[in-house]
**Student:** 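Submitted below is the structure of interest, expressed as structure tokens.
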Amino acid sequence: MLQEEAAGKAPRTSLHGHWSSRLAFVLAVTGSAVGLGNIWKFPYLAGVNGGGAFVLVYLLCVVGIGMPVMMSEILIGRRGRRNPVATMALLGEEEGSSRHWRLVGAMGVLAGILILSYYSVIAGWTLAYTWKSAVGMFTGATTEQVGAIFGSFTENWLPVAVCHTLFMGLTIFVVARGVERGLEQAVRIMVPALFLLMLVLLGYAINSGHFAAGVDFLFSPDFAALTWDGVLAAMGQAFFTLSIGMGAIMAYGAYLPDETSITGTSAAVVTADTGIALLAGMVIFPLVFANGLDPGEGPGLVFVTLPLAFGQMTGGAFFGTVFFVLLVFAAWTSAIGLMEPAVAWLVERYGRSRAQAAVMVGGLIWALGFGTVLSFGVLADFRFYKGTIFDNVDHLTSNVMLPLGGVLITVFAAWVMCRNSSAEELHGAGAMYRLWRFAARYIAPIAILFVFLKAVGVLPDLSGDA
Ligand code: PFF
């Protein structure tokens with residue numbers, strides 16, 4: 001089968017279509033990167049892990065690991081022009097290594113399915129919060145009231161399950177229709193609009209009277225507050241927020257025109273994604289301190305702080321509704337990326353139509369999502385290893401599968417692929433190329449393995465904080 005695929009170049013390009021332009025690709029990757037990870041997960045993880053030191057490690061990981069991994073993923077994807085499983089098998093063979101590299105693609109398919117199983121539930125919360133804002137539920141609400149609304153909503157499995165179902169339905173719908181239609185348009189409006197609204201919220205946060213405290217929490221590193229588990233979480237977050245390590249970006253790279261610069265594209269996406277996350281942090285933490293909330297509150301952090309702010313500001317019901325709608329869109333464009341590897345694989349490997357594949361994969365993810373739906377309700381006390389079912393799925397994917405995928409992807413691109421192949425994709429052998437190759441050969445894999453080993457306690461303790 002591989003030989004057949006390798007022989008015919010034409011089917012490579014015709015199967016799922018191509019991005020209509022470089023901008024379309026940047027928009028699609030940005031749409032995948034910017035999502036709940038920036039606005040929901042980054043602030044709550046920063047809060048749980050003590051703030052500044054976590055943020056610093058996260059930023060270091062974004063630059064030192066995230067950039068080279070993203071570039072590696074796009075270049076592999078474009079060279080293979082298939083779903084991640086077939087691409088890794090094909091290139092493994094083409095580069096004189098082994099077809100077993102397909103297991104990297106397979107792990108990505110699995111990671112995407114597992115991540116979306118909880119991502120969709122949190123996106124469902126966002127859907128419900130759009131409604132709650134629109135009907136004015138938060139107008140004038142106190143801290144206690146907003147907390148109670150969150151608690152009673154998430155504890156109740158039925159409405160959460162309904163929202164999760166609705167969100168999966170939306171995702172299946174777009175994925176079934178193919179990569180080009182709708183998606184580009186949605187991202188083109190959504191990302192700038194989200195950015196603008198975050199700026200409005202920033203203005204509000206600056207006036208909250210606790211801006212300095214919030215910014216101090218976010219940017220003054222206190223290394224005593226950070227454990228090696230926290231460092232692992234910061235690295236995992238860098239992977240999660242950039243959508244790397246699981247083949248989503250590889251799948252998107254497969255639809256990228258040959259002449260587009262991979263370096264420029266990656267830099268643009270990383271900058272936009274990091275900007276939105278930091279902006280979210282600068283909005284959330286001043287509000288946390290202004291309202292006497294606990295920064296370490298956990299996954300509910302954003303769903304408590306922002307409604308509180310919207311409830312107090314003029315026109316808050318309007319701004320709140322628009323904000324949550326945008327967040328639903330941001331989650332939606334990310335969810336599409338999470339399903340893409342699995343769907344592209346089913347289409348190419350088993351000849352399914354995109355619609356059939358989307359329904360099959362989406363159905364499985366929907367069912368798995370009940371593990372998370374119940375983690376905030378009746379199964380909240382069912383805890384093992386890292387906590388609830390949600391905590392464990394999140395840990396396994398963000399902190400283990402994505403970084404492991406990242407090591408294998410960079411090792412493949414920078415050690416297994418010959419220089420000619422990677423130089424061809426990255427357009428030349430200049431300084432940028434050498435920088436990428438150095439980071440992908442040494443910095444990223446060594447840093448990832450080091451953090452892994454520290455977090456599981458295999459390496460001896462140097463700083464005394466583990
Ligand atoms: N990057 C997305 C976010 O920050 O919300 C999450 C994500 C999307 C991860 C797509 C992985 C992925 F393939």
Side-chain angles (χ1 to χ4, degrees), residues 27-46 58 61-62 66 69-70 73-74 77 83-84 104-105 107-126 167 171 174-175 179 183 186-187 190-191 194 198 233-254 266 269-281 299 302 326-345 361 365 393-406 409:
L27 286 170
V29 179
T30 310
S32 160
V34 175
L36 296 171
N38 305 62
I39 287 164
W40 160 71
K41 204 173 182 197
F42 171 72
Y44 102 68
L45 283 181
Y58 155 80
C61 290
V62 162
V69 173
M70 181 175 280
E73 234 185 285
I74 302 176
N83 72 78
V104 178
M107 184 170 74
V109 167
L110 188 64
I113 288 170
L114 289 174
I115 293 176
L116 190 50
S117 82
Y118 75 77
Y119 202 84
S120 167
V121 176
I122 312 298
W125 294 1
T126 315
F167 184 80
T171 306
V174 173
V175 173
V179 289
L183 179 66
V187 180
M190 185 271 298
V191 173
L194 194 63
M198 296 301 291
M235 183 173 82
Q237 173 62 9
F239 276 88
F240 184 88
T241 194
L242 297 175
S243 311
I244 52 177
M246 54 150 282
I249 300 293
M250 200 186 284
Y252 280 8
S266 305
V269 172
V270 168
T271 309
D273 187 78
T274 310
I276 292 193
L278 294 179
L279 210 49
V302 171
L326 289 174
L327 199 50
V328 170
F329 268 100
W332 200 9
T333 53
S334 299
I336 292 161
L338 284 162
M339 261 178 83
E340 187 59 28
V343 169
W345 175 68
V361 175
I365 294 172
V393 176
D394 179 34
H395 176 79
L396 174 69
T397 50
S398 298
N399 299 353
V400 180
M401 293 171 91
L402 299 188
L404 194 61
I409 286 166

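Every number for a ligand or one of its atoms is a count from 1 in the order of the listing. Being a predicted model, the structure only gives us computed values, none of them experimental. The figures here come from the full heavy-atom set of this structure, side chains too, leaving out hydrogens, waters and symmetry mates.
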**Student:** Are F42 and Y58 near enough that their ring centres are under 6.0 Å apart?
**Tutor:** yes

**Student:** Quick one: ligand 1 N/O to protein N/O pairs below 3.5 Å?
**Tutor:**
unit_1	atom_1	unit_2	atom_2	d
ligand 1	1 (N)	S32	O	3.2
ligand 1	1 (N)	A33	O	3.0
ligand 1	1 (N)	F240	O	2.8
ligand 1	1 (N)	T241	O	3.1
ligand 1	1 (N)	S243	OG	3.0
ligand 1	4 (O)	A33	O	3.0
ligand 1	4 (O)	G37	N	3.3
ligand 1	4 (O)	N38	OD1	3.4
ligand 1	5 (O)	L36	N	3.1
ligand 1	5 (O)	G37	N	2.7
ligand 1	5 (O)	Y119	OH	2.5

**Student:** With sequence neighbours excluded, tell me which residues meet side-chain contact (heavy atoms from CB on, under 4.5 Å) with T126.
**Tutor:**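 Per chain and number, T126 pairs via side-chain contact (heavy atoms from CB on, under 4.5 Å) with L36, F303, F324, L327, V328.
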
**Student:** Do any side-chain atoms of residues 107-115 form donor-acceptor pairs under 3.5 angstrom with protein atoms, and if so which ones, sequence neighbours left out?
**Tutor:**
none

**Student:** For S243, give me all partners under side-chain contact (heavy atoms from CB on, under 4.5 Å), at least two apart in sequence or on another chain.
**Tutor:** S32, A33, I249

**Student:** Are any side-chain N or O atoms of E73 and backbone N or O atoms of G247, one a donor and one an acceptor, separated by less than 3.5 Å?
**Tutor:** yes

**Student:** Check the surroundings of atom OH in Y44: do more than 12 heavy atoms from other residues, nucleotides or ligands lie under 6.0 Å from it?
**Tutor:**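 Yes.
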
